K.L.:
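If you scroll down you'll find the structure; I have some questions about it.
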Protein chains: 2
Amino acid sequence: MSALRHAILGLLARGAHTGYAIAKQMDRPLSYFWQARHSQIYPQLEAMTRDRLIEPTTIPGPGPRPTKEYRLTEAGREVLLAWLISPLPPLQAGRDDFQLRIWSAWLLSRDQVVALVRQRRALVAERLAEYESTMTGVGAGDDLSLDDPLFAEWMSLQAGKGYEEHRLRWCDQMLTRLGANT
Amino acid sequence: MSALRHAILGLLARGAHTGYAIAKQMDRPLSYFWQARHSQIYPQLEAMTRDRLIEPTTIPGPGPRPTKEYRLTEAGREVLLAWLISPLPPLQAGRDDFQLRIWSAWLLSRDQVVALVRQRRALVAERLAEYESTMTGVGAGDDLSLDDPLFAEWMSLQAGKGYEEHRLRWCDQMLTRLGANT
DNA sequence: AAGCACATGTAAACAGTTACATGATTAA
DNA sequence: TTAATCATGTAACTGTTTACATGTGCTT
């Protein structure tokens, strides 16, 4: 199951959409959602229909081909739910599976969301510790010369560490909002 | 010119490396650098050699095939520098061109780094404004029910907004360190 | 009448992952 | 002697982008 499938399932769980509407949501990268072009989405909708995760109904619309509105099948909803509560993959660069799951967190119970965020928090804390131990080896930033490769590395590490700190704070904020202690 | 090429050029600007050493650096995602597997790197090194951006010298080493150490050519250095000072592409999801450039910022003058970070800051500030205007439409988070899709959207938007705030703070920190006012 | 948003698709190229394949050197 | 690390490559597959292709309905 690819991330794109999960993104589409997450969108359709909120209601029926045409391929065009899905493509429009995924075309602009705001709100931390998945990004994809319509040329990727239309074939994927075909494949998901074949796999009985979604089903189309033809509705009136413009253009040379029939306009189709897709909705989740029961199997589709089950696949989405199973993915939401499966163990998180390790942190990786680029596209973020966890962030995609959060978009569908409204389908889960409070306890399930808390468990998901706690898993995330553990992974982020681990990564943050790696950053901190790496950074003791690089130096203080103020002591480094601008034309020293270590200065550039320090800048990169500052960015990476700040990023993980943000993600950790977010987890803690959400756990507080959910009424769970960190 | 693909991002992978720029990543390899940035690494080789710091000194000669074997394909294996490059692959090792790029295999672990720490320090905000580019991620790639050796299966992507070896063919790319071939292609870059053909394009005269890098050149190999055979050195003694283990295994059935010759061990090659690559270094930048003058043309390679020029391509790297030209990329570093070219206008930043728009913010996109996933892999981050700017973060990759920062890794090679030690090759630039103070003024060039300041210009680069200011460009970034402008793009991030623009995005942050988009987040803020979107979030007024969603609501307060505390008022929303956990099983409301808007609650999940609020969580996503909180994460995205916090991310942009982090990037903005990073720009300001770096500009201060560089002795430039925001 | 021109231009834009709606709407769906395909083709070709490029990027990236996983798995296969080989073998020397070094340390436990 | 067994295992890890060094070292380089290819093949098959999956994912993503860019460009091509078509035509309606609404607004200016």
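Chain letters run A, B, ... following the sequence lines, proteins first, then strands; residues in each count from 1. Atom set for the values below is all heavy atoms of this structure, side chains included, hydrogens, waters and symmetry mates excluded. Since the model is a prediction, treat every value here as computed from it, not as a measurement.
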K.L.:
In whole Å, I'd like the distance from the OH atom of A:Y42 to the P atom of C:dA7.
P.N.:
8 Å
K.L.:
Should the pair A:W170 and A:F98 be assigned to parallel (<30°), tilted (30 to 60°) or perpendicular (>60°) ring geometry?
P.N.:
perpendicular
K.L.:
Quickly work out the A:R95 CZ to C:dT17 P distance and round it to whole Å.
P.N.:
12 Å
K.L.:
What class does the angle between the rings of A:W83 and A:H6 fall in, given that below 30° is parallel, 30 to 60° is tilted and above 60° is perpendicular?
P.N.:
parallel
K.L.:
Between P on C:dG16 and CD on B:Q44, what's the gap in Å once rounded to a whole number?
P.N.:
9 Å
K.L.:
List the residues meeting salt bridge (Lys or Arg N to Asp or Glu O under 4.0 Å) with A:R14, not counting sequence neighbours, and say none if there are none.
P.N.:
B:E153
K.L.:
Which comes earlier along DNA chain D counting from the 5' end, the contact point of B:E69 or that of A:A36, where each point is its nearest nucleotide?
P.N.:
B:E69
K.L.:
Kindly indicate whether the side chain of B:T18 and the base of D:dT8 share any N or O donor-acceptor pair separated by less than 3.5 Å?
P.N.:
no
K.L.:
Take the angle between the ring planes of B:Y42 and B:H38 and call it parallel below 30°, perpendicular above 60°, tilted in between.
P.N.:
perpendicular
K.L.:
Would you call B:K161 and B:E165 a salt bridge, taking side-chain N to carboxylate O under 4.0 Å as the test?
P.N.:
yes
K.L.:
Over how many whole Å does the gap from B:H38 atom NE2 to D:dA7 atom P extend?
P.N.:
14 Å
K.L.:
When you check the phosphate oxygens OP1 and OP2 of C:dA5, does a side-chain N or O of A:K24 lie under 4.0 Å from one of them?
P.N.:
no
K.L.:
Just to be sure I understand the geometry, which residues of residues 49-64 of chain A put a non-hydrogen atom under 4.0 Å away from DNA chain D?
P.N.:
A:P62, A:G63, A:P64
K.L.:
If you measure only the distance, is there a donor-acceptor pair under 3.5 Å linking the side chains of B:D147 and B:S145?
P.N.:
yes
K.L.:
Specify the separation, in whole Å, of atom OH of B:Y20 and atom C1' of C:dT26.
P.N.:
13 Å
K.L.:
Counting distance alone, no hydrogens or angles: does the base of D:dT22 have a donor or acceptor under 3.5 Å from a partner atom on the side chain of A:R65?
P.N.:
yes
K.L.:
Please confirm whether A:R127 makes a cation-pi placement over A:Y131, using NZ or CZ under 6.0 Å from the six-membered ring centre and within 45° of the ring normal.
P.N.:
no
K.L.:
Search all heavy atoms of B:W34 against all heavy atoms of B:A7 and return the closest pair with its distance.
P.N.:
CB-CB, 3.7 Å
K.L.:
Do A:S39 and D:dT18 have a side chain to base donor-acceptor pair shorter than 3.5 Å?
P.N.:
yes
K.L.:
Using atom CE of B:M26 as one end and atom C1' of C:dG16 as the other, report the distance to the nearest whole Å.
P.N.:
13 Å
K.L.:
Grab the CD-C1' distance between A:Q40 and C:dG9 for me, whole Å please.
P.N.:
15 Å
K.L.:
For the CD atom of A:E69 and the CD1 atom of A:I54, what is their distance to the nearest 0.5 Å?
P.N.:
12.0 Å
K.L.:
So for the helix from C:dA1-D:dT28 to C:dA28-D:dT1, with five pairs setting each end axis, what is the inter-axis angle to 10°?
P.N.:
30°
K.L.:
For A:R37 and C:dT8, what is the distance between atoms CZ and C1' respectively, to the nearest whole Å?
P.N.:
17 Å
